[in-house]
Structures are given as structure tokens and as C-alpha cells.
2 protein chains.
Amino acid sequence: MPARQSPKPRISKPRTRRQAPGARPYHHGDLRRVLIDAALQLAAEGAEVSVREAARRAAVSPGAPFRHFPNRDALMAAVAEEAQRRFRAEIEAALAEASSTDPLARFRAFGIAYVRWAMHNPAHFEIISTGRYFAYGSSAELLRDNAELVALTERMLAEAAAQGLLRSPDLKRILIAGRALIYGFARMNLDGHFPRWGVEEGEIERMAEGVIDLFIAGIAKS
Amino acid sequence: MPARQSPKPRISKPRTRRQAPGARPYHHGDLRRVLIDAALQLAAEGAEVSVREAARRAAVSPGAPFRHFPNRDALMAAVAEEAQRRFRAEIEAALAEASSTDPLARFRAFGIAYVRWAMHNPAHFEIISTGRYFAYGSSAELLRDNAELVALTERMLAEAAAQGLLRSPDLKRILIAGRALIYGFARMNLDGHFPRWGVEEGEIERMAEGVIDLFIAGIAKS
DNA sequence: TCCGTCATGTAATCATCGATTACATTTCGA
DNA sequence: TCGAAATGTAATCGATGATTACATGACGGA
């Protein structure tokens with residue numbers, strides 16, 4: 001009996017097929033989803049994410065995940081996609097809650113929400129930030145969610161400029177500086193720098209606000 | 001014949017003993033040093049650093065490195081130590097070259113040298129920054145080199161404050177903001193964010209200068 | 001309704017890696 | 001000089017990512 005399968009196309013799309021919740025569509029259900037969730041949880045627990053452990057938690061054989069992801073990086077890319085989605089949702093929720101219409105106040109709220117999420121979800125933030133998993137597949141959703149956050153800050157600063165709130169006309173420079181400041185602060189925390197810089201645990205969130213305020217004061221007119 | 005070695009103290013200090021260069025002190029020479037160099041080179045090549053590959057390059061058995069490092073993280077900590085030493089040397093050389101005595105100009109030179117080294121030595125910078133290997137052993141030299149760089153920036157800002165150059169009296173806040181800005185910028189480059197932020201490869205170094213200038217303008221008086 | 005195809009999962013297997021243990025060899029100082 | 005300590009080797013373990021051959025169950029067209 002000749003082999004019935006060609007070894008090439010081992011990955012397939014998740015078979016776009018909606019059905020009533022509760023009905024198990026196949027052997028395991030939506031294993032792809034379960035694996036991503038398991039990996040997310042592993043990361044959140046501080047453990048290193050391994051394909052096998054994710055398979056173990058899904059009660060599935062060690063080879064099964066490779067039916068859904070060509071390799072570990074692809075799984076991590078899917079994890080990054082989900083984490084990025086949650087991150088974006090959180091940021092937008094925080095901005096929605098911030099009732100102010102002042103673009104610089106909104107920028108402040110953005111930065112604080114950014115740092116806060118990074119503090120509360122360090123492993124997920126690391127997966128998003130590293131860019132190692134951005135490369136793989138370059139998932140459309142991942143790119144879109146990220147681009148949306150970029151555009152968000154661009155809009156806030158452009159609005160501030162339009163209202164004559166900024167000292168400098170170089171928007172791009174301000175954009176990158178603000179981003180570097182916020183990202184750098186979140187990263188300093190993630191990478192454990194603060195103890196060495198004399199910033200104590202309970203002080204970090206207040207410091208984030210102070211640092212962002214300092215930046216805004218620096219770019220604001222008058 | 002009973003075992004002559006107890007399994008506990010398998011690691012020993014490198015036997016402080018100076019001797020004429022060229023003379024091989026032992027079997028392999030200074031294997032510890034060779035392993036660190038191999039690991040540094042592996043990282044610089046973009047490969048992931050494995051103990052076995054380092055041993056391979058040192059033409060030594062796979063178990064040999066564990067005579068000098070209790071585990072992989074200890075090797076990486078030694079690598080971090082060496083990288084941090086080079087980093088500090090580079091920064092101090094750049095500051096020595098910057099003849100200016102204006103503390104804010106020196107801060108600028110510091111930031112630019114920082115970003116430039118991070119750009120030219122991405123893997124080594126990552127090893128230094130991550131803090132994963134800071135934990136292990138907490139090598140005195142690693143901590144000292146790092147603390148020295150912290151103190152360096154502290155001094156520059158304190159001097160600027162003493163000369164009445166700063167708008168705000170909150171030195172710590174300025175310190176952390178400046179550090180977050182510079183670190184964040186270097187990290188954005190390392191983590192591949194810039195393409196997504198519309199900053200092109202050849203533009204990065206100029207952008208670093210611009211961003212630092214923007215920051216300094218923001219904190220400087222008048 | 002039936003049946004074959006294909007998506008999905010399993011079992012077995014590989015190579016690599018970090019790590020440990022028992023043993024061999026060289027250095028060095030009492 | 002001689003024995004203990006330092007250093008390296010060989011063999012081995014368990015975990016991991018990945019691949020291959022095979023099993024099975026779901027689903028749609030006849």
C-alpha cells in the first residue's frame with residue numbers, strides 16, 4: 001500500500017466552520033485554540049513555554065501540536081497574536097475610560113495603561129515586545145493590532161500639534177521619543193533594572209506617571 | 001578504590017596565579033576564558049549560545065565546561081560580565097573623547113555612545129540588558145560595572161542641577177526618564193520595532209541624536 | 001445513506017542539549 | 001617526591017523540537 005499522504009502540506013487552515021458551542025467538532029475540539037491558551041498560561045506562570053508541555057496540558061500526544069503549527073515559533077507567534085490582541089483591548093479600554101479630550105492627557109493615559117499592562121503581564125509583554133515571534137508568519141492580525149497602536153499615538157500627537165500644544169514641530173521625533181520612553185520604562189521593569197536604579201517595587205507605578213508627566217511637560221508649549 | 005572526590009564542590013576559583021604569556025598552565029590553558037570568548041563569539045554571530053557548541057569550539061569534551069561553570073546560566077553570567085566590561089569601557093572612552101565640560105552635553109554624548117554600542121553589539125547588549133544572567137551569582141564585577149554607569153549618569157545630572165541648568169528639581173525622576181528613553185530607544189532597535197514605526201535603518205542613529213536632544217531640551221531651563 | 005478522502009491525532013524515532021557520574025590525568029605544593 | 005586537588009573525558013540521563021509512518025474519525029458528494 002503506497003503512502004496516501006504527501007509529506008508537504010501538513011498544515012491546514014482551521015477549517016472555517018461555525019457551529020453551536022458545546023459541540024465538539026472533531027477529536028479534541030479546537031486543539032489549536034487550546035494549545036495557544038495552554039502556552040499563554042505557561043508563560044503567565046513564569047515557566048518556559050515548550051510545545052510538549054502545552055501538548056501535555058491539552059492531554060494530547062507530543063506530536064499533535066505540529067499538525068497546527070509547523071514549529072515552536074509558529075505557536076509562539078500565535079501566542080503573541082493573542083497577547084497583542086488583549087494588550088490592545090486593554091489600552092483602548094483605558095483610553096475609553098479616560099474621558100478627557102485633551103490629546104496630551106490622553107497620551108498620558110495611554111502611557112500609564114501601557115506600563116501598567118506590561119507590569120501585570122510581564123511574560124506576555126515580553127513575548128509581544130521581543131519581535132522574535134513577529135517575524136514568523138507576520139500574522140495579519142498581529143501586524144494590524146500593532147499598527148493600530150502606533151497610529152493611535154500618532155493621532156494623539158498630531159492632534160496636540162494641531163491644537164498648538166507642542167513646542168516642536170517635529171512630530172516624528174516626539175513620537176519616537178515618547179514611545180522609547182514608555183517602552184523603555186516598561187522594559188526596565190521587565191528586565192529587573194529598577195532595583196539597581198534605586199526604584200522600589202511599590203514606587204514603580206507612581207514613577208511611571210512622574211516620568212510621563214515630565215516628558216509631556218518637556219514637549220508642551222509654554 | 002573509593003571515589004576520591006566528593007560530588008559537592010565541583011567548581012573552584014580560577015586559581016589566581018600569574019605567569020608568563022605563552023606558557024600553558026594546564027591541560028587546555030585557560031579553558032574558562034576560552035569558553036567565555038567562544039560564547040561571546042557565538043552570540044555575536046547571532047547563533048544561540050549552547051554550552052556544547054562553546055566546548056566544541058574550544059576542542060574540549062561536552063562535559064568539560066561544567067568544571068568551570070555549574071550550569072549554563074553561570075557561563076552566560078560570565079559572558080554578561082565581559083560584555084558589560086566592554087560596554088562600560090566604550091562608554092567611558094566616548095565620554096573621555098567628548099571634551100565638553102557641559103554636563104548636559106556629556107549626557108548627550110553618553111546617550112549616543114550607549115545607543116551606538118547597542119546597535120553595533122546587539123547580542124551582547126541583549127545579554128547585558130535582559131537581567132536574566134544578572135541574577136546568577138551576581139558577579140561583583142558585573143554589579144560594579146553596572147553601578148558605575150548608573151553613578152555616571154547620576155553625577156552628570158546632579159552637576160547640571162548644581163549649575164542651575166534644569167527646570168525641575170526632581171533629579172531622580174529626570175534620571176529614570178533619561179534612562180528609560182535611552183534604554184527604550186536601544187531596545188526598540190534591538191527588538192526590531194523601528195520598521196513598524198517608520199524609522200529606516202540608515203536613519204536610526206540620527207534619530208537617536210534627535211530624540212536625546214529633544215529630551216535635553218525638555219528638561220533644560222529656559 | 002454510504003463511502004472515500006482528508007484533516008487530525010498517535011506512536012516511534014532522531015538529534016541536540018543541559019546536566020551528572022565515574023574515571024583518568026596532570027599539576028602543584030607540603 | 002608523592003598524594004591531593006584541579007581539570008578533562010566517556011558514558012549516560014531526561015527533556016525538547018521535529019519528522020515519519022500509521023490510525024481514525026468527520027464530512028461531503030454520489
Side-chain angles (χ1 to χ4, degrees), chain A residues 1-20 23-35 38-39 42 47-77 132-133 136, chain B residues 1-19 23-35 38-39 42 47-77 79 132-133 136:
Chain A
M1 200 69 81
R4 283 173 312 182
Q5 70 167 10
S6 67
K8 284 301 182 56
R10 291 177 41 247
I11 304 305
S12 61
K13 315 200 72 168
R15 166 81 72 151
T16 60
R17 173 175 48 83
R18 288 297 103 211
Q19 61 179 10
R24 284 308 176 85
Y26 190 57
H27 288 168
H28 185 281
D30 193 348
L31 179 56
R32 181 189 157 87
R33 181 74 233 162
V34 173
L35 288 170
L42 274 173
E48 65 176 328
V49 179
S50 83
V51 176
R52 293 179 101 98
E53 182 59 28
R56 227 169 272 135
R57 299 211 174 179
V60 103
S61 78
F66 292 94
R67 289 289 174 196
H68 297 269
F69 306 97
N71 51 48
R72 179 180 180 278
D73 277 1
L75 169 59
M76 295 308 290
R132 204 173 337 184
Y133 309 114
Y136 199 92
Chain B
M1 199 72 79
R4 283 173 313 183
Q5 71 168 9
S6 67
K8 282 303 180 54
R10 290 177 42 249
I11 304 304
S12 60
K13 317 200 69 166
R15 166 80 72 150
T16 59
R17 173 175 49 83
R18 287 297 103 211
Q19 60 179 10
R24 283 309 177 82
Y26 189 56
H27 287 167
H28 184 282
D30 194 347
L31 179 56
R32 180 188 157 87
R33 180 76 232 162
V34 172
L35 288 170
L42 274 173
E48 66 175 328
V49 179
S50 83
V51 176
R52 293 179 100 98
E53 182 60 27
R56 229 169 269 134
R57 298 210 176 180
V60 104
S61 80
F66 292 93
R67 290 289 173 194
H68 297 269
F69 306 96
N71 52 46
R72 180 181 180 278
D73 277 2
L75 169 59
M76 296 308 290
V79 169
R132 201 174 340 182
Y133 309 116
Y136 197 93

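All of these numbers come straight from a predicted model, not from anything done at the bench.
Separating the CZ atom of B/Phe66 from the P atom of C/dG18 is a distance of 6 Å, rounded to the nearest angstrom. Protein atom CG of A/Asp73 is 17 Å distant from nucleotide atom P of D/dT16, rounded to whole Å. The separation between A/Asn71 atom CG and C/dC14 atom P is 22 Å, rounded to whole Å. Computed from coordinates, the A/Arg32 CZ to C/dA7 C1' distance equals 15 Å when rounded to whole Å. Per the geometry, CZ belonging to B/Arg33 stands 19 Å off C1' belonging to D/dT7, to the nearest Å. Rounded to whole angstrom, the span from the CZ atom of A/Phe69 across to the C1' atom of C/dG9 amounts to 15 Å. If you measure from atom CG of B/Leu75 to atom P of C/dC17, you get 14 Å, rounded to the nearest angstrom. Atom CE of A/Met76 is separated from atom P of D/dT16 by 14 Å (rounded to the nearest Å).
Residues B/Asn71 and B/Phe66 approach most closely at CA-CE2, 4.1 Å, considering heavy atoms. Taking each heavy atom of B/Tyr133 and B/Asp73 in turn, the nearest pair found is CE2-OD1, 3.6 Å.
Looking at residues two or more places apart in sequence or on another chain, you find a salt bridge (Lys or Arg N to Asp or Glu O under 4.0 Å) between B/Arg56 and B/Glu53. With sequence neighbours excluded, the residues forming a side-chain contact (heavy atoms from CB on, under 4.5 Å) with B/Ala55 are B/Val60, B/Pro65, listed by chain and number.
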Intermediate values then yes/no, side chain to side chain contact (heavy atoms under 4.5 Å, CB included), A/Phe69 and A/Met76: CA-CA 9 Å; A/Phe69 306 97; A/Met76 295 308 290; over 6 Å; no
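The side chain of A/Arg72 contributes an N or O atom lying less than 4.0 Å from OP1 or OP2 of D/dG17. Contact annotation: A/Ser50 side-chain N/O to D/dT16 OP1/OP2 distance is under 4.0 Å. At the phosphate of D/dA6, neither OP1 nor OP2 sits under 4.0 Å from any side-chain N or O atom of B/His68.
Remark: B/Arg57 CZ to B/Leu42 CG distance equals 4.0 Å, nearest 0.5 Å. Interatomic distance, NE2 of A/His68 versus CG of A/Leu35, reported as 6.5 Å (0.5 Å rounding).
The stretch residues 51-58 of chain A comes close to DNA chain D through A/Val51, A/Arg52, A/Arg56, each having a heavy atom under 4.0 Å from the strand.
The nucleotide whose nearest atom lies closest to any side-chain atom of A/Arg67 is, among D/dT19, D/dG8, C/dT10, C/dT10.
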